[in-house]
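Each remark here refers to the structure printed beneath this line.
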Amino acid sequence: MVKKMLVRLIIALFALAVTSSLNAEELVTKEQIKGLDEQVQEIKKEVLAISAELNQLEEKLLYPSNTQLAIFVSMEKNSKTPPIALKIMLDEDDISHHIYSFKEIEALNIGGVQRIYTGNIRTGEHNLKINVINKQSGGNNAHTVSHLFEKGIKPQMVEIRLSDSGVTFRNW
């Protein structure tokens with residue numbers, strides 16, 4: 001439907017160009033030029049609207065809502081054991097890893113949230129494994145935590161909450 005509209009628009013522009021070139025020998029008045037300018041502006045608005053609609057359709061096609069997964073990382077305020085690095089595996093596939101800078105730890109420590117992964121997965125049960133490396137007074141501490149969740153037909157969001165007492169998960 002959208003492609004048919006684009007084809008019609010292109011044909012109309014071509015016809016307009018041909019008729020204007022055929023009448024080039026006649027004198028063109030200011031009113032005629034103004035009328036053509038208004039028509040061109042209307043056509044531009046239609047093309048922009050069609051382009052926006054095509055972009056929305058493309059996004060729905062590439063990221064259908066029944067396969068969307070987004071994973072976020074947050075941290076308990078004023079945590080004494082900030083993360084150095086984080087590795088995320090989904091169903092034994094490495095999907096994301098991140099090494100934290102001082103500024104990022106500062107942002108998480110005051111309540112910031114990091115979107116660490118966005119992607120598509122099938123519906124059903126999935127296993128999320130998080131490997132966290134924390135900085136502690138005696139050195140670095142690494143531990144792995146697993147989380148089982150059920151992906152339904154709606155978009156799925158999972159929050160990984162880091163705290164001094166460990167890692168907790170929240171599904172939306």
Side-chain angles (χ1 to χ4, degrees), residues 1-6 9-10 41-172:
M1 178 175 99
V2 175
K3 287 186 178 183
K4 286 182 182 179
M5 290 175 61
L6 278 174
L9 182 63
I10 292 170
Q41 291 303 318
E42 287 178 31
I43 291 171
K44 282 183 181 179
K45 286 179 186 177
E46 290 176 11
V47 167
L48 289 174
I50 291 169
S51 176
E53 189 176 336
L54 281 173
N55 285 340
Q56 287 176 344
L57 290 172
E58 180 183 22
E59 188 172 317
K60 285 181 182 179
L61 180 66
L62 292 175
Y63 302 105
S65 62
N66 63 337
T67 64
Q68 287 180 7
L69 171 67
I71 301 174
F72 299 90
V73 175
S74 65
M75 191 167 76
E76 185 178 83
K77 287 187 179 183
N78 302 319
S79 178
K80 306 271 188 281
T81 57
I84 295 174
L86 196 72
K87 179 180 176 182
I88 302 176
M89 295 180 73
L90 180 67
D91 299 328
E92 303 303 322
D93 293 327
D94 186 11
I95 60 169
S96 183
H97 56 278
H98 190 77
I99 298 173
Y100 288 93
S101 69
F102 177 75
K103 293 269 186 197
E104 290 170 323
I105 292 171
E106 237 179 26
L108 286 173
N109 216 4
I110 59 172
V113 177
Q114 173 194 16
R115 179 169 46 181
I116 196 162
Y117 176 77
T118 303
N120 295 328
I121 62 171
R122 61 176 166 63
T123 57
E125 190 173 273
H126 295 277
N127 185 21
L128 193 63
K129 282 187 183 176
I130 313 301
N131 186 4
V132 182
I133 300 173
N134 292 85
K135 188 172 194 169
Q136 293 184 334
S137 59
N140 297 336
N141 178 30
H143 60 281
T144 302
V145 181
S146 292
H147 174 65
L148 284 174
F149 68 94
E150 183 76 24
K151 169 68 176 91
I153 58 171
K154 292 183 178 180
Q156 179 78 38
M157 291 183 275
V158 177
E159 177 186 11
I160 301 166
R161 181 102 172 137
L162 307 174
S163 66
D164 291 336
S165 59
V167 178
T168 56
F169 296 91
R170 187 172 83 165
N171 298 324
W172 291 306

Hey, could you give me the CD/CG distance between Q156 and N171, rounded to the nearest 0.5 Å? 5.0 Å
Nearest-0.5 Å distance that lies between atom OG in S51 and atom NZ in K44: 14.5 Å
Ignoring hydrogens and angles, tell me if any N or O in the side chain of D164 forms a donor-acceptor pair with the backbone of K80 under 3.5 Å. yes
Which of these, L86, V73, I116, sits in a side-chain contact (heavy atoms from CB on, under 4.5 Å) with I130? L86
Would you compute the distance between atom CG of L128 and atom CD1 of I95 and round it to the nearest 0.5 angstrom? 6.0 Å
Minimum heavy-atom separation for S79 and S163, please, with both atom names. OG-C, 4.3 Å
F149 vs H147 aromatic rings, parallel, tilted or perpendicular, using cut-offs 30° and 60°? parallel
Is the shortest heavy-atom distance from the side chain of I160 to the side chain of V132 under 4.5 Å? no
Flag yes if more than 12 heavy atoms outside L148 fall under 6.0 Å of its CG atom; otherwise flag no. yes
Quick check: closest heavy atoms across L108 and S74, and the distance to 0.1 Å? CD2-CA, 4.2 Å
Is it the case that the side chains of E104 and H98 hold a donor-acceptor pair, with the cut-off being a distance below 3.5 Å and no angle test? yes
Q68 and K151 have their tightest heavy-atom pair at O-CE, 3.2 Å
Can you tell if the side chain of E53 reaches within under 4.5 Å of the side chain of I50, non-hydrogen atoms only? no
Show the numbers, then the answer: is there a side chain to side chain contact (heavy atoms under 4.5 Å, CB included) between N141 and T81? CA-CA 9 Å; N141 178 30; T81 57; over 6 Å; no
Nearest 0.5 Å, please: how far is OG1 in T144 from CD1 in I133? 9.0 Å
For N134 and H143, the nearest pair of non-hydrogen atoms, with its separation, is OD1-CE1, 3.0 Å
Tell me the closest heavy-atom pair linking K129 and E92, and the distance in Å. NZ-OE2, 3.4 Å
Measuring from atom CG of L90 to atom CG of L69, what distance do you get when rounded to the nearest 0.5 angstrom? 6.5 Å
First locate atom CD1 of I121, then atom CG of N66, and finally report the distance between them rounded to the nearest 0.5 Å. 10.5 Å
Closest approach of S146 to F169 (non-hydrogen atoms, all atoms of both residues): O-CE1, 4.1 Å
